[in-house]
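In what follows, a single structure is set out as structure tokens and then discussed.
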Amino acid sequence: MSVFIRGGIAGGFLLRSRDSSAVITKRRISSVGAVTGRSVNPTAAVEQRATWLPGLEPPPYLDGKLAGDYGFDPLGLGEDPESLKWYVQAELVHSRFAMLGVAGILFTDLLRTTGISNLPVWYEAGATKFDFASTKTLIVVQFLLMGFAETKRYMDFVSPGSQAAEGSFFGLEAALEGLEPGYPGGPLLNPLGLAKDIKNAHDWKLKEIKNGRLAMMAMLGFFVQASVTHTGPIDNLVEHLSNPWHKTIIQTLFTSAS
């Protein structure tokens, strides 16, 4: 829960800093005009970018055109333009998997803790045996399906639009029409028709990548919770709410370390 709270605070701070930076820039220009006695054209002011650390100069290759670009690249991974394109796609895919994972873990854990369904805790779900298929069969099927989907995605990344060509997907190309690499469309993958004009869909892209980054942080929190407390996130939340001042992450970490 604390992850979600911190994410909301950070997101709000970044949005506010974007608006306030423009005001600060205009005030500075007004001050310069007052001191020098010369008129300064306010329209010449360039609005300062919101960065992950206020006042930090972003690297030149992160020019703010990418969705969710706040100049964060301390290791310089995106210096090569081709590598940057790949990292953008990798972050996007990991974000989507994380959002699905967080939703699935919370939903199944809620069913388990309330007694609605006799489900295993999420980190033991992989060891569950199913009657309709063996574990080996499920692994093979997953490899085939995921391998096919990921191969198609990679081919579209290498050659944008190639997977929408007629005959490239059993005649279902129109139902899976790609808007641009990383953003498939069509009635199957975009049933609500959101962001059909993908070139002008910056707000939708920004919302998705922000929620995706928050979900990746939440998944990291789930991994740590499972390793330290050996329970699910709903159990952890209920325990914390039962005694908020003494059942916190600090006490839990100290108890587990001792």
*Rounded to the nearest 0.5 Å, how far does CE of Met217 lie from CG of Leu214?*
8.5 Å
*Hey, what's the ring geometry for Trp122 with Phe223, parallel, tilted or perpendicular (30° and 60° as the breaks)?*
tilted
*Above 12 or not: heavy atoms from other molecules or residues under 6.0 Å from CD1 of Ile250?*
no
*Starting from the C-alpha separation in whole Å, work towards a yes-or-no answer on ring pair (Phe, Tyr, Trp, His ring centres under 6.0 Å) for Trp52 and Phe72.*
CA-CA 6 Å; Trp52 68 279; Phe72 182 80; 4.8 Å; yes
_Sidechain-backbone polar pair: Ser227 side chain, Val224 backbone, donor-acceptor under 3.5 Å_ = no
*asked:* How close do Asp69 and Gly64 get, counting heavy atoms only, and between which atoms?
replied: OD2-N, 2.7 Å
_Any heavy-atom pair between the side chains of His94 and Glu91 that's under 4.5 Å?_
no
*asked:* Let me confirm one number: the NZ-NZ distance from Lys210 to Lys207, rounded to the nearest 0.5 Å.
replied: 10.0 Å
*Could I get the full list of salt bridge (charged side-chain N to carboxylate O under 4.0 Å, His left out) partners for Glu150, not counting sequence neighbours?*
Arg153
*Thr108 side chain vs Gly104 backbone, donor-acceptor pair below 3.5 Å*: yes
*Considering only heavy atoms from C-beta outward, does the side chain of Met216 approach that of Val102 to under 4.5 Å?*
no
*Can you hop from Val88 to Leu92 via hydrophobic side chains spaced under 4.5 Å?*
no
*Joint hydrophobic cluster, Phe148 plus Phe143, side-chain heavy atoms closer than 4.5 Å*: no
*Can you tell me if CG on Asn243 sees more than 12 non-hydrogen neighbours from other groups inside 6.0 Å?*
yes
*asked:* Is there a path of hydrophobic side-chain contacts, each under 4.5 Å between heavy atoms, that joins Val158 and Trp86?
replied: yes
*Sub-4.5 Å side-chain heavy-atom contact between Thr113 and Val238*: no
With a 3.5 Å cut-off and sequence neighbours excluded, list the donor-acceptor pairs that the side chains of residues 74-85 form with protein atoms.
unit_1, atom_1, unit_2, atom_2, d
Asp80, OD2, Ser83, N, 3.1
Asp80, OD2, Ser83, OG, 3.0

*Show your reasoning for whether side-chain contact (heavy atoms from CB on, under 4.5 Å) applies to Ser159 and Met155.*
CA-CA 6 Å; Ser159 180; Met155 292 171 67; over 6 Å; no
*Can Glu57 and Arg49 be counted as an ion pair, charged N to O under 4.0 angstrom?*
no
*Can you see which heavy atom on Leu66 is nearest to which on His202, and at what distance?*
O-CE1, 4.1 Å
*For Leu110 against Ile234, the heavy-atom pair lying closest together*: N-CG1, 4.0 Å
*If you look at every heavy atom in Val121 and Thr231, which pair is closest and at what distance?*
CG2-C, 4.3 Å
*Treating Ile, Leu, Val, Met, Phe, Trp and Tyr as nodes and any side-chain heavy-atom pair under 4.5 angstrom as an edge, say whether Ile116 and Phe107 lie in one connected cluster.*
yes
*So which heavy atom on Pro58 is nearest to which on Gly71, and how close?*
CB-CA, 3.8 Å
*Results of salt bridge (charged side-chain N to carboxylate O under 4.0 Å, His left out) for Lys247 - residues two or more places apart only*: Glu239
*NZ of Lys136 to CD1 of Ile139: how many Å apart, nearest 0.5 Å?*
9.0 Å
*Where do Ala67 and Ile209 come nearest, in terms of heavy atoms and distance?*
O-CG2, 4.0 Å
*Between the main-chain N or O of Asn236 and the side-chain N or O of Gln225, is there a donor-acceptor pair closer than 3.5 Å?*
no
*Do Val93 and Gln89 have side-chain heavy atoms sitting under 4.5 Å apart?*
no
*Rounded to the nearest 0.5 Å, how far apart are NZ of Lys205 and OH of Tyr183?*
5.0 Å
*Could you walk me through whether Leu220 and Phe222 pass the side-chain contact (heavy atoms from CB on, under 4.5 Å) check?*
CA-CA 5 Å; Leu220 178 61; Phe222 289 169; over 6 Å; no
*Is there a donor-acceptor pair closer than 3.5 Å between any side-chain N or O of Asp109 and the backbone N or O of Ile105?*
no
*Glu180 versus Pro160: any side-chain heavy-atom pair under 4.5 Å?*
no
*Under a single-linkage definition using a 4.5 Å side-chain heavy-atom cutoff for Ile, Leu, Val, Met, Phe, Trp and Tyr, are Leu106 and Tyr123 assigned to the same hydrophobic cluster?*
yes
